[in-house]
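Count residues from 1 along the sequence. Read the numbers this way: they start at 1 and go in the same order the structure lists the ligands and their atoms.
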Amino acid sequence: MKNFKIAEPRTISQVTSLAIDKKDMYYLMAGGTDLLAEIKDEIIEPEVVVALNSIPDLCYIKKEKDGVRIGALTSVARLAEDPLIKNEYPGLHEAANSVATPQLRNMGTVGGNLCQRPRCWYYRDPQIKCRKKGGTKCFAFRGRNKYHAILGGGLCYIVHPSDLAPALISLDAEISISSPKGDRIIPLANFYILPRVNVRKENILEPNEVLREIKIPPIKKGAKSTYHKLKERGAWDFAVVSAAVKGTVSAGIFRDIKIVLGGVAPVPWRLEKAENIIRGKKVTEDLLRQAAREALKEARPLEENGYKKELIETVLYRAALSLV
Ligand SMILES: Cc1cc2nc3c(=O)[nH]c(=O)nc-3n(C[C@H](O)[C@H](O)[C@H](O)COP(=O)(O)OP(=O)(O)OC[C@H]3O[C@@H](n4cnc5c(N)ncnc54)[C@H](O)[C@@H]3O)c2cc1C
């Protein structure tokens with residue numbers, strides 16, 4: 001492992017100006033649970049690691065009139081334990097509790113979870129130069145691809161690994177991004193990009209930008225949310241398939257529904273076609289399965305991951321029925 005320096009800025013503007021000087025060789029670190037593994041495995045070789053946890057005041061969960069604000073440095077554990085999140089946004093509470101292990105939830109931050117790099121075993125292998133690392137080939141395409149994308153792939157078949165992202169997107173969360181030009185606010189749904197937009201990155205952040213805050217609007221009267229995650233093992237694991245569902249149900253009918261999947265595409269994947277089929281109809285297992293099947297006509301499974309289509313059907317009907 002190559003030596004690197006640690007920068008300990010005291011303000012966000014110190015971070016954004018640091019980035020201008022050092023561009024690609026400098027990496028932001030929050031809890032370090034993902035970044036340090038990438039450094040140790042020699043996937044990345046920073047010259048400078050910028051420790052965001054030296055900045056005070058980025059760790060908070062605050063309820064305000066226009067919703068809840070979450071500082072990017074808030075730990076996943078604090079989010080998982082927060083009573084306000086548990087009562088008002090149960091889907092996010094469930095997603096936070098499903099992340100990794102208690103130790104990782106204590107160290108890992110909400111911002112780091114949303115910006116974590118993919119777990120694809122070809123990307124994580126220092127000997128392999130896949131497209132994501134500047135190579136010319138996706139090794140998953142004709143290789144071992146049991147855990148890879150069935151939607152939105154093409155140049156690269158990574159899946160989005162965060163549990164918090166689908167849950168937050170289903171809740172219409174927005175994020176604040178700080179850059180040398182100031183702050184901008186965008187929907188979290190617009191943060192992530194597909195490989196065909198830029199195969200080297202998973203989100204729109206430039207090297208001089210920092211994810212500073214997440215904001216969730218107040219939940220509408222009568223709306224409920226949930227997060228269901230299917231894993232290969234009972235112990236800690238990433239989602240093979242997950243579904244975040246938010247909806248307003250009355251008399252057994254979804255008046256409004258939003259479905260976001262994890263673990264199936266390079267970005268959290270909105271299932272709009274299924275939402276349109278379900279909205280306004282009496283909810284039954286058959287309807288939910290049929291909606292998933294219809295929406296999944298655009299799926300393009302690889303040799304070993306066709307089973308994910310069936311799992312999506314299952315996770316969707318379980319999640320949606322739990323809200324009725
Ligand atoms: C064994 C294991 C199991 C796991 N299981 C799960 C799981 O089940 N579900 C799940 O969702 N996750 C899982 N994870 C991932 C874990 O949740 C993330 O590693 C963690 O949340 C990252 O947070 P961090 O603060 O440690 O980020 P860091 O490791 O510090 O950073 C991660 C990435 O985000 C960037 N970054 C961090 N903060 C910011 C910011 N504010 N602005 C811009 N960029 C930033 C860093 O540059 C880096 O690229 C697992 C990880 C491990 C090691």
Side-chain angles (χ1 to χ4, degrees), residues 4 6-7 9 12 15-16 18-19 22 24-41 43-46 48-55 57-59 70-80 92 94-119 123-124 132 147 159-169 175-179 183 186 188 191-192 200-214 227 229-242 244 262-263 268:
F4 55 84
I6 295 265
I12 287 271
V15 180
T16 51
L18 249 171
K22 277 276 173 196
D24 291 339
M25 306 317 276
Y26 117 57
Y27 286 83
L28 305 181
M29 181 173 77
T33 59
D34 184 28
L35 188 91
L36 291 176
E38 283 209 293
I39 297 174
K40 285 189 210 157
D41 292 344
I43 311 294
I44 55 171
E45 293 190 327
V48 182
V49 168
V50 182
L52 294 176
N53 60 7
S54 57
I55 306 174
D57 307 329
L58 281 179
C59 178
I70 303 167
L73 266 277
T74 306
S75 72
V76 178
R78 181 162 167 201
L79 184 71
L92 180 59
E94 289 156 9
N97 271 297
S98 81
V99 170
T101 61
Q103 292 88 340
L104 283 157
R105 292 198 287 274
N106 281 334
M107 281 307 293
T109 63
V110 176
N113 186 274
L114 296 178
C115 298
Q116 61 178 295
R117 303 303 312 273
R119 308 306 298 189
Y123 168 72
R124 295 273 168 171
K132 202 156 252 318
Y147 301 112
V159 291
H160 182 76
S162 160
D163 287 308
L164 300 185
L168 283 165
I169 292 173
I175 52 170
S176 279
I177 296 174
S178 297
S179 79
D183 283 8
I186 60 159
L188 179 61
F191 181 57
Y192 296 107
R200 301 292 299 273
K201 303 193 332 176
E202 296 82 48
N203 60 52
I204 58 167
L205 278 186
E206 295 297 330
N208 56 359
E209 294 188 321
V210 184
L211 169 55
R212 194 172 53 77
E213 185 183 78
I214 299 94
Y227 183 73
K229 172 173 175 180
L230 299 181
K231 306 183 292 184
E232 198 167 47
R233 336 178 296 154
W236 71 263
D237 212 346
F238 288 89
V240 175
V241 172
S242 67

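Residue Leu73 does not touch ligand 1, judged by heavy-atom distances below 4.0 Å. Contacts between Pro161 and ligand 1, counted as non-hydrogen atom pairs separated by less than 4.0 Å, involve the backbone only.
Looking only at heavy atoms of the protein, atom 37 (C) of ligand 1 is closest to Gly112 CA, 3.5 Å. Closest protein heavy atom to atom 18 (C) of ligand 1: Thr33 OG1, 3.5 Å. In this structure, the protein non-hydrogen atom closest to atom 43 (C) of ligand 1 is Leu205 CD1, 3.4 Å. In this structure, the protein non-hydrogen atom closest to atom 42 (N) of ligand 1 is Leu211 N, 2.9 Å. Atom 2 (C) of ligand 1 has its closest protein heavy atom at Leu104 CD1, 3.4 Å. Nearest non-hydrogen protein atom to atom 12 (N) of ligand 1 is Gln116 NE2, 3.3 Å. Nearest non-hydrogen protein atom to atom 36 (N) of ligand 1 is Cys115 CB, 3.8 Å. The protein heavy atom nearest to atom 24 (P) of ligand 1 is Gly31 N, 3.5 Å.
If you check each of Thr101, Leu28, Leu164 against atom 47 (O) of ligand 1, the one with the closest non-hydrogen atom is Leu28. Taking only non-hydrogen atoms, the option from Ala165, Ala100, Ala167 nearest to atom 7 (C) of ligand 1 is Ala100.
A salt bridge links Arg212 and Asp183; the closest N-O separation between the charged side-chain nitrogens and carboxylate oxygens is under 4.0 Å. We find that Lys132 and Glu202 are joined by a salt bridge, their nearest charged nitrogen and carboxylate oxygen being less than 4.0 Å apart. Of the charged side-chain nitrogens involved, at least one lies within less than 4.0 Å of a carboxylate oxygen, so that Arg119 and Asp34 count as a salt-bridged pair.
Residue contact annotation: Val110 has no non-hydrogen atom under 4.0 Å from ligand 1. At least one heavy atom of Phe238 sits less than 4.0 Å from an atom of ligand 1. Judged by the shortest distance from any of its heavy atoms, Lys229 lies inside the 4.0 Å radius around the atoms of ligand 1.
Looking only at side-chain heavy atoms (C-beta outward), Lys231 and Phe238 stay at 4.5 Å or farther from each other.
Atoms of ligand 1 lying under 4.0 Å from any heavy atom of Thr109, numbered from 1 in the order shown and given with element: 21 (O), 23 (O), 24 (P), 25 (O). The Ser162 neighbourhood of ligand 1 comprises atoms 11 (O), with distances under 4.0 Å to a heavy atom of that residue.
Where the criterion is an N or O separation shorter than 3.5 Å, residue side chain and backbone included, Val210 fails it with respect to ligand 1.
Here Asn97 pairs with His93 under the side-chain hydrogen bond (donor to acceptor under 3.5 Å, both in side chains) rule; sequence neighbours left out.
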Run the numbers on Thr74 and Thr109 for side chain to side chain contact (heavy atoms under 4.5 Å, CB included), then give the verdict.
CA-CA 5 Å; Thr74 306; Thr109 63; over 6 Å; no
